[in-house]
> 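Let me begin by handing over the structure; questions about it come next.
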Amino acid sequence: TVPAVSGATSYSWSYSGTGATITGTGNSVSVDYSNTATSGTMSVAAINGCGAGTARTIAVTISPMAIATFSYTGTPYCQNSSNPSPAYSGGGSAGTFSSTAGLVFVSSVTGQVNLAASTPGTYTVTNTKAAAGVCGMVTATSTITITALGNWLGATSSDWFNPNNWVCTTVPTSSTDVIIPASASIMPVINSTGAVCRNITINTGASLTISGSNNLDVYGNWTNNNSFTCYNSTITFNGTGTIGGSAATAFNNVTIAASGTITAPSGAMNIAGNFTNNGTFTPAFGTIVLNGSTTQTIGGNVSSTFNNLTINNGNATGVTISRPVAVNGTLTLTQGRVNTTATNIVTLSATASTTIGNATSYINGPLAYNMANNGTTILNLPLGKGSDWRPVVVTPTHNTATSYTYTAELFNASAQALGWTIPSSITNVSKVHYVDINRTVTATTANASSTDLTSATIQLYYSATNGSSDV
């Protein structure tokens, strides 16, 4: 705006620099400067019938406004791709980059993103240019999406090892979290050795099959929400994780590696093969069910403790204990012998319970039962030997809560041959079986035949083959 000149009919405005747009012809006009405008001189002259008067001038200094416009042109990116840097447009340049939580930058100055270190997802990235001169701070935003590895597509076949069946054409490694969705065209089958993953989730409506005796190594959690077909396979747990999901948990062989720390599900976990513990097994409050049709083994390099243990094995040999086993909850003997030795024994804790078993399911060898009760406790000892089931019920009364262990075993040998003096009240002594019961201090294993023992009764089960009835 310049003062009005008397008699002027219009005004002539001009600018010596570039990028200026002048709107109006009066003594007051508007001037817009583009982002690329340059400094110059603004001139204005009043015009009347005699022509243009002397021009008024003013120097204009342009301070260029910062431009922050950018984008990640390759989005979405696979997590194992090369780390991307932003591309600039409209004269944009780098300032300081920031993002919503979960995105990791190689450098907040360059805006390069560390894909492997970032959590998969979609992020809003902000490029901030600091205030300069008379111009204020400038920001620009753009989005970037990082796609997680491990999502099964099943686009080509059921082959787990075919990269084209996985998002980002990448077969899972021990650091990959696998998700099998119901939307997959074809469900996965592990038909060879070498399958690995970190966490694995079988979604509702999805399935996983391991054919033959192949193996899947899991380094994290196992979550089955629908269907897993195991055949003769082995699941090896190599890391820290839990076993869970809304669907029934059923495996063939389960191996916990030395590096593995696994927590059992809160419900039932069915095992049709062997349970091998070389690491750490936390039983939680669930039930382990051994329900195979062939000989099964509980073994490994480490003793195992279960909450509830159910034996439902359909093989004549049953289940062999090759490492000591403890049960804190309920031992259920439905079908199948449990073969123990003095070294590899089943111990029922003071909180455990069981029945006397049945003719098809019993402890074929020694069994230990802890009692830590100031009072009377019924200890069911489901003993047998070979094809003979001969349970024993011991009912001791203690006068202290100190824990004592009752270890019992049935022997297929003549009791008469032991040479004991028989009281007149006993009319029959078996020539076929006898039971040995040993009482020790739980903490020290020291013999304690009568210490803190007020009284005890023993019920022995016999059949006609023993020459006597149950007593």
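Everything numeric here is computed off the predicted structure, so don't read it as measured data. All values below were derived from every heavy atom in this structure, side-chain atoms included, with hydrogens, water molecules and symmetry-related copies excluded. Each residue takes its place number in the sequence, starting with 1.
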> With distance as the sole test, does S430 use its side chain to make a donor-acceptor pair with the main-chain N or O of H433 at under 3.5 Å?
yes
> Please tell me whether Y434 and F411 form a close aromatic pair, meaning their ring centres lie under 6.0 Å apart.
yes
> Can you tell me if N380 uses its side chain to pair, donor with acceptor, with the backbone of T354 under 3.5 Å?
yes
> Is there a donor-acceptor pair under 3.5 Å between the side chain of Y77 and the backbone N or O of G74?
yes
> Check the side chains of S207 and S227 for a donor-acceptor pair under 3.5 angstrom, ignoring hydrogens and angles.
no
> Is the backbone N or O of D159 less than 3.5 Å from a side-chain atom of S157, with the two atoms forming a donor-acceptor pair by type?
yes
> By the salt bridge (charged side-chain N to carboxylate O under 4.0 Å, His left out) test, which pairs, at least two apart or in different chains, include something from residues 217-244?
none
> If I take atom CG from residue N370 and atom OH from residue Y404, how far apart are they, to the nearest 0.5 angstrom?
12.5 Å
> Do side-chain atoms of W166 reach the backbone of F161 as a donor and acceptor pair under 3.5 angstrom?
no
> Can you see whether T145 engages T122 through a side-chain donor-acceptor pair at a distance of less than 3.5 angstrom?
yes
> Evaluate the criterion side chain to side chain donor-acceptor pair (under 3.5 Å) for residue pair N315 and T295; output intermediate values, then yes/no.
CA-CA 6 Å; N315 183 266; T295 302; 3.1 Å; yes
> Verify whether the ring centers belonging to Y219 and F237 lie closer than 6.0 Å.
no
> Evaluate the side-chain proximity of V393 to P391: yes if any heavy-atom separation is below 4.5 Å, no if none is.
no
> Walk me through it: do T287 and N308 pass the test side chain to side chain donor-acceptor pair (under 3.5 Å)?
CA-CA 4 Å; T287 300; N308 301 322; 3.1 Å; yes
> Just so I know, are the side chains of V392 and Y406 near enough to count as touching, which here means a heavy-atom distance under 4.5 Å?
no
> Given R198, which partner from the list N238, T176, D177, N221 fulfils the side chain to side chain donor-acceptor pair (under 3.5 Å) test?
D177
> Between T223 (side chain only) and G244 (backbone N and O only), is there a donor and an acceptor less than 3.5 Å apart?
no
> Do T440 and N447 have a side chain donor and acceptor closer than 3.5 Å?
no
> How far apart are the C-alpha atoms of T330 and T332, what are their side-chain angles, what is the distance that settles it, and do they pass the side chain to side chain donor-acceptor pair (under 3.5 Å) test?
CA-CA 6 Å; T330 301; T332 302; 5.7 Å; no
> Just by distance, with hydrogens left out, do T234 and T236 show a side-chain donor and acceptor under 3.5 Å apart?
no
> Under 3.5 Å, is there a donor-acceptor pair linking the side chains of N274 and T276?
no
> Indicate the ring-plane relationship of F97 and Y88, choosing parallel, tilted or perpendicular according to the 30° and 60° boundaries.
tilted
> Within this structure, what is the CG-CD distance for the pair L381 and Q459, rounded to the nearest 0.5 Å?
11.0 Å
> Hey, is CG on L418 packed in by over 12 heavy atoms from elsewhere, all under 6.0 Å?
yes
> Does N364 form a side chain to side chain donor-acceptor pair (under 3.5 Å) with N339? I'd like the steps, not just the answer.
CA-CA 5 Å; N364 183 34; N339 305 296; 2.9 Å; yes
> Okay, side chain of N164, backbone of T169: is any donor-acceptor separation there less than 3.5 Å?
no
> Hydrogens and angles aside, do N252 and S233 bring a side-chain donor and acceptor to less than 3.5 Å of each other?
no
> Under 6.0 Å between the ring centres of W222 and F251?
yes
> Taking the side chain as C-beta and beyond, is there a heavy-atom pair between H398 and L453 under 4.5 Å?
yes
> Could you give me the CA-CA distance, side-chain angles and deciding distance for I345 and T343, then say whether side chain to side chain contact (heavy atoms under 4.5 Å, CB included) is met?
CA-CA 6 Å; I345 192 170; T343 301; over 6 Å; no
> Shortest non-hydrogen contact from Y72 to P84?
CE2-O, 4.2 Å
> For N344, is there any backbone N or O sitting under 3.5 Å from a side-chain donor or acceptor partner on R323?
no
> Could you verify whether a donor N or O on one side chain and an acceptor N or O on the other, from S349 and T351, lie under 3.5 Å apart?
yes
> Can you name the nearest heavy-atom pair linking V394 to P396, along with the distance?
O-CD, 3.4 Å
> Under 3.5 Å, side chain of N114 to main-chain N/O of F105, donor-acceptor pair present?
no
> Does T282 reach the main-chain N or O of A284 with its side chain, forming a donor-acceptor pair under 3.5 Å?
no
> I'd like to know whether V346 forms a side chain to side chain contact (heavy atoms under 4.5 Å, CB included) with V338, so could you lay out the CA-CA distance, the side-chain angles of the two residues, the decisive distance to 0.1 Å, and finally the verdict.
CA-CA 9 Å; V346 171; V338 180; 4.2 Å; yes
> Does any non-hydrogen side-chain atom of V289 lie less than 4.5 Å from one of I271?
no
